[in-house]
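Structure record follows, encoded as structure tokens.
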Amino acid sequence: MSYSRSIDKKWQKIWEESKLYEFDRDRLDKKLYCLEMFSYPSGANLHVGHWYNFGLADSWSRMKRMQGYNVFHPQGFDAFGLPAENFAIKTGIHPKDSTYKNIETMRRQLKEMGASFDWDYEAITCDPEYYKWTQWIFLQLYKNKLAYRKNAPVNWCPSCKTVLANEQVVDGECERCNSDVIKKNLTQWFFKITEYAQELLDCLPDLDWPEKTKKIQTNWIGRSEGALIEFKVENSDAKFEVFTTRADTVYGISYVVLAPEHDLVDKIVTPGQREAVEEYRAQVNKASEIDRLSTTREKTGVFTGAYAIHPLTGKRVQIWVADYVLAGYGTGCVMAVPAHDYRDYEFATKYNLDIIRVIKGAEETDDTLPFVEDGFLTNSEEFDGLSSGKARQAIVDRLAKEDRGEHKVTYRLRDWLVSRQRYWGAPIPVVHCPDCGVVPVPDDQLPVELPYNVVFTPDGESPLSKCEEFINTACPACGKPAKRDSDTLDTFVCSSWYYLRYPDNKNSEKAFDTDWINKILPVDKYVGGAEHAAMHLLYARFFTKALRDMGYLNFDEPFLSLVHQGIILGSDGQKMSKSRGNTVTPDDYIEKYGSDVFRMYLAFGFAYIEGGPWSDEGIKAIDRFVGRIERIIQKLVSERDLAHLWGSGMGTDEKELNYVRNYTIKSVTHDTEQFQFNTSIARIMELVNAIYKYDSVKKKNRGLLEDTIEDLIKLIAPFAPHFAEEMWETIGKTTSVFNEQWPEHDEKALVKDEIELAVQFNGQVKYKINVSADADNKEIEDTAVNDPRAGAYTEGKNIVKVIVVKGRLVNIVVK
RNA sequence: GCGGAUAUGGCGGAAUUGGCAGACGCACUAGAUUUAGGAUCUAGCGGGAAACCGUGGGGGUUCAAGUCCCUUUAUCCGCACCA
């Protein structure tokens, strides 16, 4: 029977019945945790991206399995999220119903892929058995002072009376009703990830992660060394601190700027300026986050009427508000040095503020203002002449002595806002009591279950706060009537610990058993999209470190080794999208070619970490390749009893076949380990070509040919698992090929008797010579120089030098 | 604006990290076979009559450069008034 969809089904059934992929909980010395980022169960079918991620990570883990590793390879679903809720608003179908239906479809399709998942360890984040522990972790963080509440703005649509996600805000307008979106402050929960900023940075160098990703995390954390400098407000007891990395320019301050949202603004603004400031603040509030962060936008600001006192010179400097200063970063205020900062220069020019040079460039440097590089101080009292670097130290030292400043490290990283004003997420397990305040729900009352009967129509209140039986409860502390928190948790919270739940997914006593988790974790290979480089990966690292410090686990990092797959584009080279009409539907191809052909094309057609454009011609080629393997194997089997075909010699043809066989084993092992699946398949194609070539020999060495075919099937098995099982059976085997040992190459077979070398004259290849493989440099040089063809290139010239590169070439330098 | 990446035949992509550029495959061409084939098998296939020229462009280092250095261009991605 030739390879097709029915072969897939045959082996999927056998695998399931024989529990082939069951994880061995006892053999932990060679454990290997291979994990792909789990996926959101969307209504559509599995797309090419899922296949590319899951299918090929599975190929990698299948090779590891055959190499003797006890592979733990679970799968699950990141099942909470906005799309299900939007779908409910549109169709009236409950998120729970649509989500579980989607999960069922996806699970079936994942099984049809033929991946070696052990489904006994599945985790679904919207199961109460799962989010019970998400809530428990929230409470652990709360009890360890890593979760706290503060005000933070949300996108608010005044017409829909609802909170919008960033993606629902289009050009500052609500995507549903086009009203202007404004910002509204709500009290929300935060996780104190900044507490771990330094450790998150320090552990990066030792991770086997793409350098690009480490760089993204480094930039995201954004450590910067500088100073805090205190300013007093004139005629007031108010004071504020600014953070700066350029304390050397402190004598160049000509004004200071507060973020419009800064608490101090109300206190210091003068009556004459109040109206202007209020108007400006209203304007800033209307501007969307995106607008405000745009570089092309003209800088604006308003004078508050108040003055601050320069901490060193005692001079008065104006206090402005401007939206280029962000409330959430640093201290929310900056000192402005127009002479040495582009933004301040632009602002000062526009509003006619002083520009004071305090840094000179070294000689021969063009230091026209604004001059933003380091240099030497001027106009800076006793610090004149110091280099910028030395001045930063000296100036802050003096400020520190006078108690008006200090050296300070800040991070760009902000605390993680986890409150979402939505229904389809894990409820935040706290109760708000009029008497006791915030009261955590006791562990024995977890999970706080999502009520099913809720109304989704957006009318100003979130579905949970409208649900009486959910929202009204008794205070766990005093028993009096109290209200539950009506917000749910960011889905990134759910996905920050799922890799810990998989190995112990049925534990009803704990989130996971510490001893067990310490044996199976960390994840040895994590595979998923580069779009998660900053947020998900950072959050998961934070969770691991926080849980470690609470004593629930003993390792520092969740993911030791990380690979990002590339993106498969449409055949037009554009990103796949329904509107472009260039999407590829895996199901159609699987129906036509079988899942192994689809998977193998994904392996062969692209550099894994790059991705690239889809090609229908490419998948046809793989279909032919599979047929080619099948035919040669069937031919061998049918010829087994034809004695006249068989000999036993080990001549040139046999050595050549054996060479290719061993070279293929070596290359595929190496390349697959590195996720270089395209070259792995290329080598296997070469092996098949070599087998075809050898097949035309009159008297074939049957033992060698049989062994080579067996190796071929094993080598292809990770990429075409169903097909390989079928071929394994065809040659007469009765057990699974996945219980076989991965082949190892024989170094002796790779040593050739005679090798070909290129002969170059002045670096240009002119001809080739054959020498015996053990020839020394002198022999090689003589053979090359004495070759009859050499004369044409040496005539009338002198041989200056001869360079022999063993196994590669000879370069003869002539003059 | 800052940061990162990429650039190789008609196409997807290789190149052991400084050592024969174009592996493998597609497309194309020719032959064989078949009642037929969009099947199969075999062979050819960067450009150029050739000398030679060829890894986005220009320069350099080296016996030797796709690979290292300088410079420049284009495309893509990430981040962003981060003080």
Side-chain angles (χ1 to χ4, degrees), chain A residues 210-213 215-216 218-220 222-224 226-227 242-246 249 256-257 259 290 292-299 322-326 328-337 340-344 346-347 410-414 530-531 533-534 567 571 573 575 601 604-607 609-610 612-622 624-625 627-628 631 666-667 670-671 676 678-689 692-693 695-696 756-768 800-815:
Chain A
E211 287 306 318
K212 192 176 72 176
T213 308
K215 192 152 244 164
I216 288 170
T218 305
N219 292 341
W220 191 269
R223 179 189 155 99
S224 74
V242 301
F243 176 76
T244 179
T245 54
R246 290 300 304 271
T249 64
V256 293
V257 190
I290 294 141
R292 198 168 152 183
L293 298 179
S294 159
T295 32
T296 49
R297 191 153 155 272
E298 202 186 338
K299 294 185 185 5
D323 67 359
Y324 77 91
V325 174
L326 301 179
Y329 184 75
T331 58
C333 26
V334 305
M335 57 180 225
V337 184
H340 305 293
D341 181 283
Y342 291 120
R343 288 162 314 221
D344 299 344
E346 191 188 321
F347 194 84
T410 57
Y411 301 88
R412 176 189 176 276
L413 181 69
R414 296 176 213 168
E531 67 274 16
I567 297 171
S571 47
K575 215 168 188 167
Y601 169 60
F604 179 66
F606 313 86
I609 58 171
E610 308 287 336
W614 175 268
S615 155
D616 276 348
E617 297 307 318
I619 195 169
K620 279 185 204 161
I622 295 294
R624 284 204 291 270
F625 174 55
R628 197 167 148 82
R631 281 189 297 277
K666 187 178 178 179
S667 305
H670 173 266
D671 291 359
Q676 287 162 7
N678 54 346
T679 50
S680 297
I681 303 289
R683 297 293 86 80
I684 296 173
M685 286 172 167
E686 285 169 355
L687 176 59
V688 172
N689 290 343
Y692 266 82
K693 195 171 171 199
D695 186 59
S696 61
E756 189 188 62
L757 293 179
V759 179
Q760 298 181 332
F761 285 84
N762 293 340
Q764 284 192 326
V765 179
K766 297 298 182 187
Y767 53 85
K768 310 273 174 85
V800 183
K801 202 189 235 183
V802 179
I803 292 141
V804 177
V805 182
K806 262 271 172 69
R808 304 241 170 246
L809 53 76
V810 182
N811 189 13
I812 301 167
V813 186
V814 294
K815 237 182 185 173

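Remember, predicted model here, so these are calculated numbers, not experimental data. Below, read A as the first sequence line, B as the second, and so on, with proteins coming before strands; counting in each chain starts at 1.
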Side-chain heavy-atom pair A:Thr244, A:Met335 within 4.5 angstrom cut-off: yes
Touch class at under 4.0 angstrom, heavy-atom based, for A:Gly612 against every strand present: sugar-phosphate
Validation row: A:Asn811, A:Val802 side chains within 4.5 angstrom (heavy atoms): no
Pair partner, B:U42 [Watson-Crick or wobble, under 3.5 Å]: B:A30
Conformer about C1'-N of B:G9 - syn within 90° of 0, anti elsewhere: syn
Closest listed nucleotide, where the reference is the side chain of A:Lys801 and the choices are B:A83, B:A80, B:C63: B:C63
Nearest-nucleotide pick for A:Asn219, side chain only, options being B:G3, B:A80, B:C20: B:G3
For B:C68, the Watson-Crick or wobble counterpart (both distances under 3.5 Å): B:G60
Between P of B:C63 and CG of A:Leu757, the distance in whole Å: 21 Å
Sugar-phosphate only, base, or nothing, as touched by A:Phe604 at under 4.0 Å among non-hydrogen atoms: base
Per A:Glu617 side chain, nearest of listed nucleotides B:C79, B:C26, B:A83: B:C26
Side-chain heavy-atom pair A:Val814, A:Asn762 within 4.5 angstrom cut-off: yes
Phosphate OP1/OP2 of B:A14: any A:Asn678 side-chain N/O under 4.0 Å: yes
Distance, P atom - from B:G19 to B:A51, rounded to whole angstrom: 26 Å
Heavy-atom check, side chain of A:Asn678 versus side chain of A:Phe606, under 4.5 Å: no
Sugar-phosphate, base or nothing in reach of A:Lys666, heavy atoms under 4.0 Å: nothing
Side-chain heavy atoms of A:Tyr601 within contact of A:Lys620, under 4.5 Å: no
A:Glu346 CD - B:G1 C1' separation (whole Å): 12 Å
Inter-nucleotide C1' distance (B:A32, B:A7), Å rounded: 42 Å
4.5 Å side-chain heavy-atom contact, A:Ser224 and A:Tyr411: no
Touch class at under 4.0 angstrom, heavy-atom based, for A:Arg631 against every strand present: sugar-phosphate
Closest nucleotide among B:C63, B:C79, B:C24 to the A:Arg683 side chain: B:C24
Pairwise P distance for B:C45 and B:C24, with rounding to whole Å: 12 Å
Of A:Ala758 and A:Glu610, the one whose closest RNA chain B nucleotide lies more 5': A:Glu610
Nearest-angstrom distance from the residue atom NZ of A:Lys693 to P of B:C41: 16 Å
Whole angstrom value for the distance that separates P of B:A83 from CZ of A:Phe243: 7 Å
Touch class at under 4.0 angstrom, heavy-atom based, for A:Gly605 against every strand present: sugar-phosphate
Between A:Asn219 and A:Arg412, a side-chain donor and acceptor under 3.5 Å: no
P atoms of B:U34 and B:U29, separation to the nearest Å: 23 Å
B:A39 base / A:Arg624 side chain donor-acceptor hit below 3.5 Å: no
C1' atoms of B:U6 and B:G56, separation to the nearest Å: 11 Å
Nucleotide B:G13, atom C1' - distance to CD1 of A:Ile609 in whole Å: 13 Å
Who pairs with B:U35 - Watson-Crick or G-U, where each distance is under 3.5 Å: none
Touch class at under 4.0 angstrom, heavy-atom based, for A:Asn689 against every strand present: sugar-phosphate
Base partner of B:G12, which must satisfy Watson-Crick or wobble distances under 3.5 Å: B:C24
Whole-angstrom distance between B:U73 and B:U17, as gauged at atom C1': 26 Å
Candidates B:G13, B:G78, B:G25 - which lies nearest the side chain of A:Ala621: B:G25
Sugar-phosphate, base or nothing in reach of A:Asn811, heavy atoms under 4.0 Å: base
Test item: A:Phe243 and A:Val334 side chains (from C-beta on) under 4.5 Å apart, heavy atoms: no
A:Gln764 CD - B:A65 P separation (whole Å): 10 Å
Complement of B:U6, any strand, by Watson-Crick or G-U distances under 3.5 angstrom: B:A74
Touch class at under 4.0 angstrom, heavy-atom based, for A:Thr244 against every strand present: sugar-phosphate
d(CE, A:Met685; P, B:C26) in whole Å: 7 Å
Where the chi angle of B:A74 falls, syn if within 90° of 0 and anti if not: anti
Beyond-backbone contact of A:Arg628 with A:Val688, side-chain heavy atoms, under 4.5 angstrom: yes
A:Lys766 atom NZ, over 12 foreign heavy atoms within 6.0 Å: yes
Same-atom distance (P) from B:A64 to B:G78, integer angstrom: 42 Å
Out of B:G19, B:C26, B:A83, whichever nucleotide has its closest atom nearest the side chain of A:Ile803: B:G19
Identified pairing partner of B:G1, criterion: Watson-Crick or G-U wobble below 3.5 Å: B:C79
Selection from B:G3, B:C20, B:A23 that lies nearest to any side-chain heavy atom of A:Lys768: B:C20
A:Tyr692 side-chain N/O to B:C41 phosphate OP1/OP2 under 4.0 Å: yes
Residue whose nearest RNA chain B nucleotide is more 5′ - A:Gly618 or A:Val805: A:Val805
Assigned partner base of B:G54, Watson-Crick or wobble definition, under 3.5 Å: none
P spacing across the pair B:G4 / B:A49, given as an integer number of angstrom: 45 Å
N or O in side chain of A:Arg628 less than 4.0 angstrom from B:U42 OP1/OP2: yes
Syn-anti status, with the boundary at 90° from 0, for the nucleotide B:U67: anti
Side chain of A:Leu809 - closest among B:C20, B:G4, B:C79: B:C20
Rounded interatomic separation in angstrom, taking NZ from A:Lys620 and C1' from B:G38: 7 Å
